[in-house]
There are 2 protein chains.
Amino acid sequence: MKGSLDNEARANLRAAKLYCTRCRVAILKLLGRSGGPLSQVQIARKLGGGQYDKVTIYRTLESLVNAGLVHKAFVQERAWHFELSDNCTERQCHPHFTCTGCGETHCFTGISIPMAEHAPKGFRIQRQQVRLEGLCPSCA
Amino acid sequence: MKGSLDNEARANLRAAKLYCTRCRVAILKLLGRSGGPLSQVQIARKLGGGQYDKVTIYRTLESLVNAGLVHKAFVQERAWHFELSDNCTERQCHPHFTCTGCGETHCFTGISIPMAEHAPKGFRIQRQQVRLEGLCPSCA
DNA sequence: GTAAAATCTGCAACTTAGTTGCATATTTTA
DNA sequence: TAAAATATGCAACTAAGTTGCAGATTTTAC
Ligand SMILES: [Mn+2]
Ligand SMILES: [Mn+2]
Ligand SMILES: [Zn+2]
Ligand SMILES: [Zn+2]
């Protein structure tokens, strides 16, 4: 038995007209279980060393982003971080909290922040992303 | 005559106990004139080709950030972008708007967004940064 | 089920962003 | 103006991400 996360991942891939490959399914399931956005290196490690080439992981993520299943989270780190697009509207994704103590990033899906208004004349705001910084329970 | 931006830059450097070097003064003045945060490459270009080694620019920016005169702006690009710290409180910096058409980033110093509240139990929020995406007047 | 078409994967080579060590140059202090 | 403190440039390096291409998988059509 493969579990419902597996079926869900495959259904989403089929709906997006993407091939159901081992790598895509594995990454979708991993992101589904993860408490925060993950980088290529983190994904590679969690899937088990040497399972996939890093190029494959990058290209897999790219295809998932293009299909709208995954998006890049707005975290201030050198490497890009990816997470499932669910729980996010077109205009706003939940805030991301990064602990300045341990460096961990958490999704604050329970919080919402009003969209910016009164943009300067002529600017049209389409999306807003919020990043929070502070101390997590273990580091406070 | 060297102008008031120059004097201001030098005064700020002295107050921060940093040597007044040509590079620091030039970067502070440049950021003061800029309408948005700049990357190392942009800074190097605007200061005039080959004026400073990129290592020097990075180290200069690092010293300005440590002194609190400059900070890293929260923009979704591969390279870090830097801007003057003025107009920013400890808890919140103005939002940054990036046009999805031309890629330009603008500081929206006129807008302010309420700080997040109701963090999950045990988390202490210390800073908030907001990134906006959309179309600028020329691209709309 | 099988073959052809479509797409994905791994490898090697490359680019871009940023860092480190160290010898030399500049700025400050006295 | 000399000594002390700090900044700079160069070369060499690391980390993150990209590209081209040949071979492997997945899908579609029969
Ligand atoms: Mn998230
Ligand atoms: Mn700004
Ligand atoms: Zn922490
Ligand atoms: Zn634009």
Side-chain angles (χ1 to χ4, degrees), chain A residues 2 6-7 9-28 37-67 69-82 103 105, chain B residues 2 6-7 9-28 37-67 69-82 103 105:
Chain A
K2 291 207 145 193
D6 194 280
N7 290 329
R10 284 167 193 281
N12 284 334
L13 287 172
R14 252 174 265 118
K17 304 203 166 148
L18 290 174
Y19 282 17
C20 282
T21 63
R22 217 163 46 91
C23 186
R24 282 201 185 117
V25 174
I27 288 184
L28 280 180
L38 301 175
S39 67
Q40 178 271 137
V41 172
Q42 293 174 308
I43 290 170
R45 241 194 310 265
K46 295 199 188 221
L47 292 184
Q51 278 257 295
Y52 304 96
D53 192 85
K54 69 171 178 164
V55 178
T56 300
I57 297 180
Y58 278 119
R59 288 201 272 228
T60 297
L61 288 166
E62 189 187 22
S63 69
L64 297 174
V65 168
N66 288 340
L69 295 173
V70 163
H71 65 202
K72 288 181 185 171
F74 191 28
V75 299
Q76 188 83 309
E77 275 166 69
R78 196 105 56 72
W80 291 338
H81 284 60
F82 300 84
T105 294
Chain B
K2 290 209 145 190
D6 194 281
N7 290 330
R10 285 167 193 281
N12 284 333
L13 287 172
R14 252 175 265 119
K17 304 203 166 149
L18 289 175
Y19 282 16
C20 280
T21 63
R22 216 162 48 92
C23 186
R24 282 200 185 118
V25 174
I27 288 184
L28 281 180
L38 301 175
S39 68
Q40 178 270 137
V41 171
Q42 294 174 308
I43 290 171
R45 240 195 310 266
K46 295 198 190 220
L47 291 185
Q51 278 256 295
Y52 304 97
D53 192 85
K54 71 170 176 164
V55 177
T56 301
I57 296 180
Y58 278 120
R59 288 202 270 228
T60 297
L61 287 166
E62 189 188 20
S63 68
L64 297 174
V65 168
N66 288 340
L69 295 172
V70 163
H71 64 202
K72 288 180 185 173
F74 188 31
V75 299
Q76 188 83 307
E77 274 166 69
R78 195 106 56 73
W80 290 339
H81 285 60
F82 300 84
T105 293

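Proteins come first, then strands; the chains are lettered A, B, ... in the order of their sequence lines, and each starts at number 1.
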Item checked: Selected nucleotide, minimal atom distance to A:V55 side chain, candidates C:dA17, C:dA12, C:dC8 ->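 Selected nucleotide: C:dA12.
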
Hey, what do you get for [atom1] ([X]) to [atom2] ([Y]), rounding to the nearest 0.5 Å?
X	Y	atom1	atom2	result
A:Q51	A:I43	CD	CD1	13.5 Å
A:W80	A:L61	CH2	CG	11.0 Å
B:E62	B:F82	CD	CZ	9.0 Å

Notebook entry, point to check: Given C:dT7, is OP1 or OP2 found less than 4.0 Å from the side-chain N or O atoms of A:T21?
Noted result: no

[X] [atom1] to [N] [atom2]: how many Å, rounded?
X	N	atom1	atom2	answer
B:Y58	D:dG9	OH	C1'	16 Å
A:L13	C:dT7	CG	P	15 Å
A:I57	D:dA16	CD1	P	13 Å
B:D53	C:dT20	CG	P	15 Å
B:K17	C:dT29	NZ	P	10 Å
B:L61	D:dA7	CG	P	13 Å
B:R22	C:dA25	CZ	P	15 Å
B:E62	D:dA7	CD	P	10 Å

Notebook entry, point to check: When the nearest nucleotide of DNA chain C is assigned to B:W80 and to B:L18 on a heavy-atom basis, which residue is associated with the more 5' position?
Noted result: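 Counting from the 5' end, the first nearest nucleotide belongs to B:W80.
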
Contact class for [X] vs. all strands (heavy atom < 4.0 Å): base, sugar-phosphate, or nothing?
X	answer
B:S39	nothing
A:Q51	sugar-phosphate
A:T56	base

Checklist line | Polar side-chain contact A:R59-C:dG10 base: donor and acceptor under 3.5 Å | finding: yes

Notebook entry, point to check: Between the side-chain atoms of B:Y19 and the base atoms of D:dA5, is any donor-acceptor pair under 3.5 Å?
Noted result: yes

Next item on the list: Would you mind reporting whether A:L64 and A:L13 have side-chain heavy atoms less than 4.5 Å apart?
Entry: yes

Item checked: Earlier contact from the 5' end, DNA chain D, for B:K54 and A:K72 -> B:K54

Next item on the list: Return the 5'-most residue of the pair B:R78, B:T60 with respect to DNA chain D, ranking by each residue's nearest nucleotide.
Entry: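 Nearer the 5' end of the strand: B:T60.
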
Checklist line | Nearest non-hydrogen partners of B:H81 and B:S39, listed with the distance | finding: CD2-N, 3.7 Å

